[in-house]
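Keep in mind that what you see is a predicted model, and the values were worked out from it rather than measured. We're numbering straight along the sequence, starting at 1.
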Amino acid sequence: MTNRVSGYVLRSGFATLMLLVLVQANSQAQTSYKYVRKHLERYDDKTIHYGFFFAAPISRFSVTHSPAFLVADSAYRIYSPNKGNFRVGFVINAFLNDRFDFRFTPSVTLMSRQVQYDYPNSESKTETRESTWLDFPMLLKYKSERRNNSRMYLLAGGTFSFETNVRKNETQGQSRLSTGNVDFALEYGVGFEQFFEFFKFAPELRFSHGLVNLYRPTNNAAGIGINKLTTHSVTLYLNFE
């Protein structure tokens, strides 16, 4: 009887021990599975840090028509199609607090915009404005709470831009549409930050709405029907910091 009890106790103890081992192993496996190493934990606490970016703006003019648009010899439709462009620049990020940063992102943009004229009894015509612009965005960035190695953010601000190249075609009289070379735009966007071991990658989508009328009045056919041209862009940024 004693031997039976002893054997039962031993078997029960062994089973209990094995159960504890399995529970502990499973707990360790779950802990190991959930553990994610945080990269660059103190990076965003720096007062200032730097980076660079590549961007692909899709831009157009927003056309406001003048009363002359209704005259008989004017185009029946004047519009600006979307055009893809290229931008490259630098990121200067200043830490304000755990939620807000100030960002300055100077850049160079190879810009091409068009105005299309559709006439009722003749072929359509296109005026293309190709130029190089220097852009100086100043933005306030709002950061969400960081989750392991990722975080969302919002940003908004303004951009001052001016054209740097001389329009040879316009000075030689080959182009009939005249536009200004200084612009100011409101910008806002959303982005996603992913932290890696040695750098931070942040794709970002930003919208821009120009406030300056870039149209310069002319007396030729390209100026008939136009009262105002403002810029509008949607840009995909790939930030590396």
Side-chain angles (χ1 to χ4, degrees), residues 53-69 74-75 77-91 103-118 124-141 154-171 174-191 203-218 220-239:
F53 64 84
F54 301 100
I58 298 177
S59 184
R60 64 176 176 85
F61 286 121
S62 179
V63 181
T64 301
H65 300 100
S66 69
F69 179 66
S74 173
R77 185 171 68 155
I78 303 175
Y79 68 100
S80 178
N82 292 318
K83 292 282 291 181
N85 301 281
F86 177 74
R87 177 176 296 157
V88 62
F90 297 95
V91 176
R103 287 171 75 85
F104 179 55
T105 58
S107 61
V108 177
T109 306
L110 303 179
M111 184 66 68
S112 176
R113 299 187 181 100
Q114 292 182 341
V115 176
Q116 183 82 29
Y117 303 82
D118 292 340
S124 299
K125 297 181 180 179
T126 302
E127 291 288 340
T128 302
R129 314 307 300 142
E130 293 182 343
S131 53
T132 302
W133 288 77
L134 294 181
D135 306 303
F136 300 95
M138 290 175 285
L139 306 163
L140 186 65
K141 174 183 174 183
L154 302 172
L155 71 170
T159 298
F160 174 75
S161 305
F162 66 91
E163 190 181 20
T164 59
N165 62 317
V166 178
R167 296 196 186 103
K168 296 181 180 180
N169 289 340
E170 185 172 308
T171 57
Q174 298 176 7
S175 179
R176 299 178 300 171
L177 180 66
S178 182
T179 57
N181 55 12
V182 176
D183 195 15
F184 180 79
L186 295 179
E187 295 204 356
Y188 56 91
V190 60
E204 174 186 313
L205 188 64
R206 196 186 303 176
F207 302 87
S208 175
H209 304 284
L211 303 180
V212 178
N213 182 8
L214 295 182
Y215 173 65
R216 290 178 174 176
T218 58
N220 53 41
I224 297 177
I226 297 178
N227 184 57
K228 187 177 182 180
L229 293 175
T230 55
T231 59
H232 290 270
S233 299
V234 178
T235 307
L236 174 64
Y237 287 83
L238 300 179
N239 298 289

Between the side chains of Ser208 and Ser233, is a donor N or O closer than 3.5 angstrom to an acceptor N or O? no

CZ of Arg60 to CG of Asn82: how many Å apart, nearest 0.5 Å? 6.0 Å

Counting C-beta onward and ignoring hydrogens, is there a side-chain heavy-atom pair between Leu177 and Tyr215 closer than 4.5 Å? yes

Working note: Lys83 + Arg113, criterion side-chain contact (heavy atoms from CB on, under 4.5 Å); need CA distance, chi angles, decisive distance, verdict. CA-CA 6 Å; Lys83 292 282 291 181; Arg113 299 187 181 100; 5.7 Å; no

What is the minimum heavy-atom distance between Thr230 and Gly210, and which atoms define it? CB-O, 3.7 Å

Asn213 and Asn227 have their tightest heavy-atom pair at ND2-O, 3.3 Å

Looking at side-chain heavy atoms only, is the closest gap between Ser107 and Phe53 below 4.5 Å? yes

Which value, rounded to the nearest 0.5 Å, describes the distance between Arg87 atom CZ and Tyr237 atom OH? 4.0 Å

Could you tell me whether the side chains of Ser124 and Asp118 share a donor-acceptor contact shorter than 3.5 Å? yes

List the atom of Ala55, the atom of Thr235, and the distance in Å for their closest heavy-atom pair. CB-CG2, 3.7 Å

Let me see the working for Asn85 and Ser59 under side-chain hydrogen bond (donor to acceptor under 3.5 Å, both in side chains), right down to the final yes or no. CA-CA 7 Å; Asn85 301 281; Ser59 184; 4.9 Å; no

Give a yes or no on this: more than 12 heavy atoms of other residues, nucleotides or ligands lie within 6.0 Å of atom CD1 of Ile58. no

Does the Lys NZ or Arg CZ of Arg206 fall within the cation-pi geometry relative to Tyr188 - under 6.0 Å from the ring centre and within 45° of the axis? no

Arg77 vs Tyr79 side-chain heavy atoms within contact, under 4.5 Å: yes

Between the side chains of Gln116 and Thr126, is a donor N or O closer than 3.5 angstrom to an acceptor N or O? yes

Within a strict 4.5 Å, meaning less than it, do heavy atoms of the Val182 and Val212 side chains meet? no

Indicate whether any N or O donor in one side chain lies under 3.5 Å from an N or O acceptor in the other, for Thr109 and Asp135. yes

Return the CD to CD distance between Gln114 and Glu127, rounded to the nearest 0.5 Å. 10.0 Å

Please find the pair of heavy atoms, one from Ile78 and one from Val115, that lie closest to each other, and give the distance. CG2-CG1, 3.7 Å

For Phe162 versus Trp133, what's the shortest heavy-atom pair and its separation? C-CE3, 3.4 Å

So, taking the atom named CZ in Phe184 and the one named OG1 in Thr231, what distance separates them when rounded to the nearest 0.5 Å? 11.0 Å

Residues Leu155 and Glu204: closest non-hydrogen pair is CD1-OE2, 3.6 Å

